[in-house]
Structures are given as structure tokens and as C-alpha cells.
Q: 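The structure's right below; bear with me while I get my questions together.
Indexing begins at 1, ligand by ligand and atom by atom, following the structure's order.
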Amino acid sequence: MTKDSNQHEQSRWSLNDLFPSNDSKELERAFTSLEELVTKFESRRDDLKDSLLSETFIKIIQELEEITKLVQRIGGFAELWFTEDTQNQSAQAMVAKIEQLSAEISNRVLFFSIWWKSLDKKTAKKLLKGTGDYLYWLEEMRHFKPYTLTEPEEKIVNIKDVTGSNALITLYDSFTNRYTYTINVDGEDRELTRGELMTFVRMSDADLRARAYQELYRVYGKDGPILGQMYQTRVRDWRNELINLRGYKTPISARNLHNDIPDAVIDTLLAVCQKNAGVFQRFFALKARLLGVEKLRRYDIYAPVTQSNKEYPFEMAAELVLDSFEQFDPRFAQMALRIMNDNHMDSQVRKGKRSGAFCATINPELTPWVMINYQGHSDDIATLAHELGHAIHSLLASDHSIFTQHACLPLAETASTFGEMMLVDRLLEKEKDAGVRRDLLFKQVDDSYATIMRQAFFALFEKTAHKMTSKGASVNELSEAYFDNLKTQFGNALDIGEEFKWEWVSIPHIYHVPFYVYAYAFGKLLVLSLYKQYKEEGESFKPRYINILSTGGSRAPMDVLSESGIDIRQGSFWQGGFDVVEGLVRQLEELS
Ligand SMILES: [Zn+2]
């Protein structure tokens with residue numbers, strides 16, 4: 001039975017489409033058949049010769065696809081179950097078990113990709129013919145040919161990573177996740193988590209904002225030398241493996257190849273960001289004026305200047321989001337509705353539930369799962385639109401295989417960010433209250449700052465830090481370099497407290513996935529530019545946009561975009577994104 005489309009309740013999701021429960025026969029059977037599939041796949045090793053027939057080649061890929069699907073289904077169940085209740089010991093244990101199992105399976109099937117990469121051009125070309133949807137996935141694998149080691153070496157790297165680099169990152173997480181922060185609020189000392197502490201930097205009390213940041217970096221700074229050492233170890237490991245052993249040109253080019261984006265494009269992107277630092281400096285100057293201070297402090301950049309305190313019940317939020325999707329294309333609304341009707345959304349706030357929000361796509365045949373913690377603020381509606389945007393992206397690309405459904409990282413945020421913008425547009429259209437309108441515009445620029453400039457400057461710092469570490473720089477020298485980076489970013493627009501020199505040791509991303517962050521800036525600027533095109537062109541833009549989304553990860557990002565008339569090698573393209581932000585800042589300057 002499907003629910004009526006106009007009653008959307010805040011709900012807990014069902015994982016039934018994966019497995020009925022953690023102790024079900026179905027799950028037990030899945031483990032057994034996974035083992036059988038992998039064993040069978042291992043026997044394919046003898047088939048892998050230059051004389052391999054195309055049909056057999058496809059068959060082998062399909063077998064690997066089955067294995068991948070099953071691993072994702074079991075792993076997805078564990079992850080989502082753990083998300084529901086992070087205190088559940090059985091769920092924790094299952095997540096750990098699956099992690100180990102996945103690493104083992106990756107090693108057992110590794111011979112296939114190694115063989116595929118080792119083939120000469122001519123043989124590979126012959127086999128690529130007729131691979132259909134697998135084509136780009138196969139081609140992409142071969143991009144790594146020059147950087148791949150022998151099978152025993154690759155296995156050693158994998159195994160040593162579990163207790164080496166990965167373990168270091170886990171230690172960093174465990175170490176910093178148990179930090180507590182003490183802050184005096186209304187005459188009372190309160191002990192808080194980082195998440196709780198950070199809510200104060202968005203509050204109207206200027207002194208409290210400052211003290212929250214000072215406390216954050218007091219705690220991180222106290223362990224700064226150790227956390228910095230952990231970072232430098234990570235950075236050295238990155239260099240040892242990726243540059244010295246595998247032969248990448250620079251630390252960032254390893255990430256660029258994973259994203260299938262040429263180094264020069266990222267250089268251009270980061271240069272354009274640096275050039276446009278002034279746009280946000282203007283925004284901060286405006287914010288200072290609205291807050292009635294001469295100059296903003298770094299503590300104040302998230303200070304609220306909101307004029308209204310509107311709250312939205314979940315039902316209303318769901319309606320607003322669906323309505324804005326409907327305006328763009330009724331199919332978008334239907335797909336979003338499917339997430340709710342299939343009971344694949346967990347929107348409740350519960351004790352023990354993971355914080356934040358995400359969309360999990362397990363495989364192309366299954367409706368994605370969406371997790372949010374809905375509390376009724378306008379931010380929460382934006383999050384709802386964002387995660388449903390991800391789900392729509394997955395559903396539009398569900399004709400592809402499990403290897404080609406997911407868009408590569410720089411394109412992964414396209415539908416989500418675009419979805420948010422459709423919502424904001426709809427809200428601006430409906431909203432007559434000047435205060436609410438100004439709030440919405442403010443939030444847009446706030447988000448753009450956090451997604452574009454902040455991340456671009458992290459990436460610029462990473463470049464510096466990797467270089468400096470290779471030349472033997474100390475942790476303190478990195479802190480100084482970080483502080484310089486902040487000064488370039490904020491110019492004269494902000495006063496920066498000295499403790500911000502420790503900010504970098506508090507950014508998990510630069511430890512977890514080096515150079516990941518530029519993808520945020522890439523994605524957001526790309527969407528701003530696309531949105532600008534949509535506003536200018538209207539209907540004729542839609543098929544091109546839908547084409548980008550439904551391509552998923554089945555083609556190179558450069559190709560998909562250039563087919564839609566977008567040349568990301570040009571600085572002017574990225575500048576177009578900044579022009580949109582500049583336009584928003586101008587509107588705000590006029591409204592204020
Ligand atoms: Zn997202």
C-alpha cells in the first residue's frame with residue numbers, strides 16, 4: 001500500500017529491502033553465497049590470457065558485478081543499521097566484521113584488475129569492443145596502469161594499510177572524538193561535545209562565539225604537536241607510496257586522476273578561487289555593518305543576522321521540497337516521493353542515532369536510503385532537498401551498472417546542490433517578507449563561503465603542507481603557514497585570533513582523504529554556473545542537465561560536461577560561478 005502523497009510524517013526507515021534482520025536466514029545465506037561467488041571467481045584466473053574471448057570477458061565482469069552487489073548489500077545493511085543506533089554493540093561488531101571481509105575479498109579478486117591493467121593497448125582495445133556500459137569503468141582502470149605495482153606488492157600495500165595508514169586515521173578519530181569542551185554559559189560550566197560547542201558560534205552572543213572558538217582550539221592546540229605529527233605521518237606515507245613507489249608527479253595529481261580531472265583544471269580552479277577572495281571579504285564587511293561593528297572577527301563569520309525565526313513542520317518541509325522539484329520536472333518530485341513511500345527515509349531525531357545527513361545508494365536496483373535529523377529549521381529543509389537531490393541523481397542513473405551508476409566525486413554534488421537552489425528559488429518566489437528573503441540570501445552566500453572559499457583554501461594549504469613536510473618542516477612551521485593562508489583568504493576583512501593557527505589539525509578531511517576538499521569548491525561553482533545557464537535558458541537547459549545526471553559515472557566528467565557546452569579548462573567558466581555569488585552579495589548590499 002502506498003501512502004497518500006500529501007501526508008508526510010517524520011519516520012524511521014525500514015531496511016527490509018536489504019535484509020529482514022541481522023539474524024535472518026537471508027543474511028546468513030548471503031554470506032554463504034558471497035563465499036561461493038568469490039571462490040568461483042578465483043578460478044577465473046586461468047582464463048585471463050591475451051586470447052580471452054570477448055564473451056568470456058563480459059561474463060567475468062558480470063561475476064565481479066554480482067560479488068560487488070552482494071558486498072554492498074551486506075555492507076550497506078551494516079552501515080545503515082549502525083546509523084540507526086550507534087550505541088548498538090552488535091551493529092558495531094557487524095560493521096567491523098564487514099570492513100575486514102571487504103578488504104579480504106578485494107584482495108582475492110585483485111588479480112582481475114591487475115591483469116586488465118597489464119594488457120597491452122592492442123589486446124585491451126579488442127576486448128573493450130562491445131563492453132557497453134562497462135566501457136568507461138574499464139578504461140578508467142587502465143588510467144592507473146602506469147602507477148600500479150605488481151600483485152604481491154599491491155597486496156602488501158593493502159594489508160599494511162589496515163594496520164598502518166588506516167589505523168593512524170582511526171586513532172586520530174578515536175583520539176579527537178572523545179575530546180570534551182568546557183564553556184561557561186549563564187554562570188554555569190558546561191561540558192560539551194564538539195558538535196554542541198559549535199552551535200555557539202552561530203549564536204548572537206559575541207562573547208560566547210569567541211569563547212567557543214577559543215575553547216575548541218585550546219583543546220586541539222594542547223594536543224597540536226601530536227595531531228600535527230599524525231598529519232605529517234599521513235603526508236609522508238602519501239608521498240612514499242604515491243610519488244616514490246607509484247610515480248605520480250605531485251601529491252595532488254593522485255587525487256586528480258581518481259577524479260579523472262586533468263591537473264591543469266584544478267590549478268585553474270584554485271587560482272580563480274584565490275583571485276575571488278575579495279567577493280567574500282565584501283560579504284564579511286557587509287556582515288560587520290549589519291552586526292554594528294567596525295570590523296568582523298574570525299569568531300563572527302557565522303554570527304546570525306537573521307530577521308525571522310520561522311520554523312517548518314516536517315510535513316510542510318516535504319511539501320515545499322516536492323513542490324520545488326515538481327516545478328522543475330514532475331519526474332524529480334516522483335522520484336523524491338519514492339524514497340518516502342518506500343520507507344527509505346529516516347528523518348527522526350533519536351538518541352544514539354548518527355548525527356548529520358546522507359544518502360546511501362546501495363545498488364542500481366534498490367531505491368536509495370536517505371538519512372536526516374529533521375528539527376524544523378530552514379537549514380533542515382535545505383538538507384532535505386539536498387539529500388533527496390542525491391537520491392534523484394542515483395535514480396536517474398539507475399540504468400547503469402553498479403560500477404558506473406555513481407558520478408565521480410566532482411560531479412557527485414550536482415543534483416544535491418541544484419536541488420537546494422530550486423528550493424531556495426521557490427521559497428524566494430513565495431516569500432513576501434523582506435526579512436525572510438534577506439535571510440535566505442544570506443544563507444546562500446554563507447553556504448557558498450563554506451563550500452567554495454573555505455575548502456579551496458584548505459586545498460591550497462594541503463599543497464603547501466605536503467611540500468613543506470617533504471622538506472622537513474616542523475609542526476609549528478605548518479601552523480605558521482596555516483595562519484598565513486588564513487590571512488590571504490580574509491585580507492583586511494577579518495581580525496584572526498592567534499589560536500586559529502591550530503585549525504588545520506581539527507579538519508578530519510585532510511587526514512582522511514588528502515585533497516578531497518577541492519571537490520566541494522568544484523561542485524558548488526559548477527552548479528552555480530549551471531544554475532545561471534538554467535535561469536537564462538529555461539526549458540532548453542533541462543534536457544542537457546538531465547543528461548549530465550543520468551550519465552552517472554559512465555563517462556569522463558570532462559566529456560559529459562563538454563557535451564553540455566561546458567569547458568572546465570577555462571578560467572571564465574569558474575568565474576561564472578563567482579559572478580553568481582557576487583550577484584547575491586550585491587543584492588544583499590542593496591537590501592541592507
Ligand atoms: Zn551532498
Side-chain angles (χ1 to χ4, degrees), residues 13 76 79-80 83 195 255 258-259 261 269 317-318 321-322 324-325 328 332 335-336 338-340 344-347 353-362 367-375 377-398 405-425 443-456 458-459 507-510 512-513 515-531 545 548-553 557 560-561 577:
W13 58 31
E79 278 296 331
L80 297 182
T83 297
R255 173 73 48 220
H258 269 276
N259 292 334
I261 307 273
L269 166 75
V321 172
L322 291 173
S324 64
F325 288 174
F328 183 81
F332 278 44
M335 285 185 262
R338 184 166 141 193
I339 308 297
M340 298 193 236
H344 280 212
M345 183 188 284
D346 196 324
S347 52
K353 181 179 160 181
R354 225 176 101 175
S355 60
F358 64 77
C359 168
T361 298
I362 310 289
T367 303
W369 275 261
V370 164
M371 188 286 256
I372 60 169
N373 283 280
Y374 190 81
Q375 289 178 290
H377 311 300
S378 53
D379 283 18
D380 294 327
I381 315 188
T383 307
L384 182 64
H386 183 102
E387 300 308 335
L388 286 172
H390 277 302
I392 292 168
H393 199 166
S394 294
L395 288 170
L396 278 170
S398 61
Q405 180 184 21
H406 281 277
C408 80
L409 190 58
L411 294 186
E413 293 296 332
T414 310
S416 53
T417 315
F418 204 91
E420 268 188 75
M421 300 191 64
M422 291 195 277
L423 172 77
V424 170
D425 248 12
K443 191 182 154 15
Q444 283 288 94
V445 184
D446 254 339
D447 278 359
S448 300
Y449 164 70
T451 321
I452 301 170
M453 207 50 92
R454 185 168 156 79
Q455 309 299 332
F458 282 150
I507 308 297
H509 262 125
I510 68 171
H512 282 249
V513 196
F515 303 106
Y516 180 94
V517 290
Y518 77 67
Y520 289 118
F522 187 112
K524 181 83 181 184
L525 284 171
L526 172 76
V527 176
L528 288 172
S529 262
L530 286 174
Y531 207 74
Y545 174 63
I548 295 175
L549 298 189
S550 49
T551 300
V560 191
L561 292 170

Q: Going by heavy atoms in the side chains, are Phe418 and Met421 under 4.5 Å from each other?
A: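 Of all side-chain heavy-atom pairs linking Met421 with Phe418, none is under 4.5 Å.
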Q: What N/O/S atom of Glu413 gets nearest to the Zn ion (ligand 1)?
A: OE1
Q: Using 2.8 Å as a strict upper limit, say whether an N, O or S atom of Cys359 approaches the Zn ion (ligand 1) that closely.
A: no
Q: Could you tell me the separation between the CD1 atom of Ile381 and the CD atom of Glu420, rounded to the nearest 0.5 Å?
A: 11.5 Å
Q: Enter the distance from Leu384:CG to Leu423:CG here, rounded to the nearest 0.5 Å.
A: 8.5 Å
Q: Looking at the Zn ion (ligand 1), is there an N, O or S atom belonging to Glu387 that lies under 2.8 Å away from it?
A: no
Q: With the Zn ion (ligand 1) at the centre, find the angle made by NE2 from His390 and NE2 from His386, to 10°.
A: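 That angle is 100°.
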Q: Give me the atom names and distance for the closest heavy-atom approach of Cys359 to Pro368.
A: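 Distance-wise, the nearest heavy atoms are SG-CB, 3.9 Å.
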